[in-house]
2 protein chains.
Amino acid sequence: MSDKMPNTADRRLPAYLRLRDELAARIAAGEWDASEMLPSENALTRESGLSVGTVRKAVQQLVDEGLLERRQGAGTFLRKPAFDSSLFRFFALRDGEGPSTIPVSRLIARTRATAPEAVARILGTSDCVRIERVRLLQDIPWLSEDIWLPRARFDGIEAVPEMEIGPLLYPFYLGRYGQFIARAEDEVRFGKATEIAAERLNLPAAAPVALIERTAFALDGQALEWRLACGAADRFRYRSRIS
Amino acid sequence: MSDKMPNTADRRLPAYLRLRDELAARIAAGEWDASEMLPSENALTRESGLSVGTVRKAVQQLVDEGLLERRQGAGTFLRKPAFDSSLFRFFALRDGEGPSTIPVSRLIARTRATAPEAVARILGTSDCVRIERVRLLQDIPWLSEDIWLPRARFDGIEAVPEMEIGPLLYPFYLGRYGQFIARAEDEVRFGKATEIAAERLNLPAAAPVALIERTAFALDGQALEWRLACGAADRFRYRSRIS
DNA sequence: GAGTGGTCTAGACCACTTC
DNA sequence: AAGTGGTCTAGACCACTCG
């Protein structure tokens, strides 16, 4: 083993995991963009002093984690996580299941705010920015969202012109603040719509809703965002595969 | 490559996939039981004429699919799918989250029956056996289940003494009928309790419930069981990790 | 101590994409 | 044709489990 391996978090981890960590760090640092190929396996072999098999294992790890995408004959590329819109996976779409109907976002409010204690504990601070928005599919409001971000990492986001923010927040976080969302955890339960949510979703007061609580994390495990999304219970539908 | 590889489904698949298929077939045939080690990597290398790396890849495939479990220093073993009781993962347990409180099953009825069309389509026949049961945790009814099985594969199951059927059906399917459940698909939605379900769960009429529809499959992809489970919505809670 | 899985090497050839 | 990832070999040594 060469000494070119980085020492970050070097607890005598296997070489392929250290290489994985190094690559993950470089990805997070924005070294490559979505269109360009990462170094080939050959190149990584030379750079790292490891053998092909080991390099492949490191890359495969990142593929399994959803960060990279391999295309035979072409190269290895970033795979931008598409799960911003994936809250919709909890909901049954209309019959056509449109071959990718585009979700539209309507921003309702962005304010500096003090996070409730439970949220502050997750984000590590109560000094936050709060974003409220509604997400629509074919002009019908499906989801009402209440999003909390630590102000230290997203300073000034409440003042960014709405035009600059696309329908998907995670790419925006990355492009504007260099914050990369690597994974997220969702928790679903059933409840009743708040007055505000009911109004935003055109539902009767206290209508039954599915509540999806999400915490999104950076590569290093730091929580970057917390949100509570809410949608009509009778449209809720979730599939899962077990084995 | 030796010619010892089986020809089943040999569409010029990579060697590791053919070995995977062969092992999966031998597992399904009941060649090993839960306590005994499968052939070591060394042994498989000799038997198959492949190299260690390739053998490892085949075994890893089955591990990823949840069929096998590797224990360093000890060997590779069957991993009996524990997901019969896993419907409970959808529900929040009481505070202690008991370090594995045992689910109890109460059989209510077993009858020959003609499956509704939707179920018949999934199972491939309308000639079925129907099992109704309630599942309890610490004497509290949590889930009401309505289970349909194709009679051809589970003949006489309606007459098996209740003693012989444990709290978990899948091990019973395997032991008594040689039917191995390899995976399952769950779909969750939100609805109102039927009269019968409400009564069985001690809920008010038409109480809000979570409905979990499950189809369970054999290794070859054949649907072996369909069930509809139902539990109080306010106890429903589901976590998922995305990346 | 014997046997198991876990990691790793230093190559080879093949299938595929791109130019 | 050149370069990419996909498969595969024939070993090696290490970490761990078990009797």
Side-chain angles (χ1 to χ4, degrees), chain A residues 1-6 9-23 27 32-79, chain B residues 1-6 9-23 27 32-79:
Chain A
M1 155 105 43
S2 91
D3 57 354
K4 289 180 189 163
M5 296 297 306
D10 185 347
R11 310 238 171 288
R12 288 279 65 77
L13 284 172
Y16 76 94
L17 284 180
R18 284 187 311 226
L19 177 54
R20 182 236 154 238
D21 288 346
E22 186 205 338
L23 289 173
I27 290 166
W32 303 285
D33 86 11
S35 64
E36 64 189 323
M37 193 187 85
L38 268 67
S40 73
E41 298 182 345
N42 246 317
L44 288 174
T45 297
R46 283 193 308 276
E47 287 176 20
S48 65
L50 298 171
S51 75
V52 245
T54 306
V55 166
R56 279 187 65 79
K57 204 165 173 181
V59 173
Q60 187 57 48
Q61 186 82 16
L62 290 164
V63 170
D64 292 342
E65 291 170 30
L67 278 168
L68 297 181
E69 184 177 77
R70 328 175 74 143
R71 286 187 237 136
Q72 177 171 154
T76 302
F77 300 83
L78 294 191
R79 188 187 80 99
Chain B
M1 156 106 44
S2 92
D3 57 352
K4 291 181 188 161
M5 297 298 304
D10 185 345
R11 309 242 170 287
R12 289 278 64 79
L13 284 173
Y16 75 93
L17 284 181
R18 281 181 304 190
L19 177 54
R20 188 240 118 181
D21 289 345
E22 186 205 338
L23 288 174
I27 290 166
W32 303 283
D33 87 11
S35 64
E36 63 188 325
M37 194 186 87
L38 268 68
S40 73
E41 298 182 344
N42 245 316
L44 287 174
T45 297
R46 284 194 307 274
E47 287 175 20
S48 66
L50 299 170
S51 76
V52 247
T54 306
V55 166
R56 278 187 64 78
K57 204 164 172 181
V59 173
Q60 188 56 47
Q61 186 82 16
L62 290 164
V63 170
D64 292 343
E65 293 169 29
L67 277 168
L68 297 181
E69 185 178 77
R70 329 175 74 143
R71 285 185 237 138
Q72 179 172 160
T76 301
F77 300 83
L78 294 190
R79 188 187 81 99

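Proteins get letters first, then strands, A, B, ... in listed order; numbering begins at 1 in each.
The nearest whole Å value for the distance from the CG atom in L44(A) to the P atom in dT4(D) is 11 Å. Atom CG of L19(A) is separated from atom P of dT7(C) by 14 Å (rounded to the nearest Å). Between Q60(B) atom CD and dG5(C) atom P the separation is 12 Å, expressed in whole Å. As a whole-Å value, the separation of R46(A) CZ from dT9(C) P is 16 Å. Distance R18(A) CZ to dT7(C) P: 13 Å, rounded to the nearest Å. One can place CZ of R56(B) at 17 Å from P of dC14(D), the figure rounded to the nearest angstrom. Rounded to whole Å, the distance from CG on N42(B) to P on dG11(D) is 12 Å.
Across L68(A), T76(A), L38(A), D21(A), a single residue satisfies side chain to side chain contact (heavy atoms under 4.5 Å, CB included) together with L62(A), and that is L68(A).
One finds no salt bridge joining E65(B) and R79(B) here, because no Lys/Arg side-chain nitrogen approaches an Asp/Glu carboxylate oxygen to under 4.0 Å. The existence of a salt bridge linking R71(B) and E69(B) is confirmed by a sub-4.0 Å separation between a basic side-chain nitrogen and an acidic carboxylate oxygen.
In this model, the phosphate group of dC8(D) is not approached by any side-chain N or O of Y16(B) to a distance below 4.0 Å at OP1 or OP2. Dashed line: the shortest gap from a side-chain N or O of S51(A) to OP1 or OP2 of dC8(C) is not under 4.0 Å. An OP1 or OP2 oxygen of dT4(C) is reached within less than 4.0 angstrom by a side-chain nitrogen or oxygen of S40(B). Of the side-chain N and O atoms in K57(B), none sit less than 4.0 angstrom from OP1 or OP2 of dC8(D).
Comparing G53(A) and M37(B) along DNA chain C, the residue whose closest nucleotide (by nearest heavy atom) sits nearer the 5' end is M37(B).
Between the side chain of T45(B) and the backbone N or O of E41(B) there is at least one donor-acceptor pair closer than 3.5 Å.
Annotation: side chain of R20(A) is not in contact with side chain of K57(A) (no heavy-atom distance under 4.5 Å). The shortest distance between side-chain heavy atoms of L78(B) and I27(B) falls below 4.5 Å. Put simply, the side chain of S48(B) reaches to within 4.5 Å of the side chain of V55(B), judged on heavy atoms.
Annotation: proximity of residues 68-77 of chain A to DNA chain D (heavy atom, distance under 4.0 Å) is found for R70(A), R71(A), Q72(A), G73(A), A74(A), G75(A), T76(A), numbered in ascending order.
Checking dC8(C), dT7(D), dT9(D) against the side-chain heavy atoms of L50(B) singles out dT9(D) as nearest. For V52(B), the side-chain atoms get nearest to dA10(D) when compared with the rest of dA10(D), dT7(C), dT9(D).
The residue V59(A) sits apart from the nucleic acid: no heavy atom pair falls under 4.0 Å.
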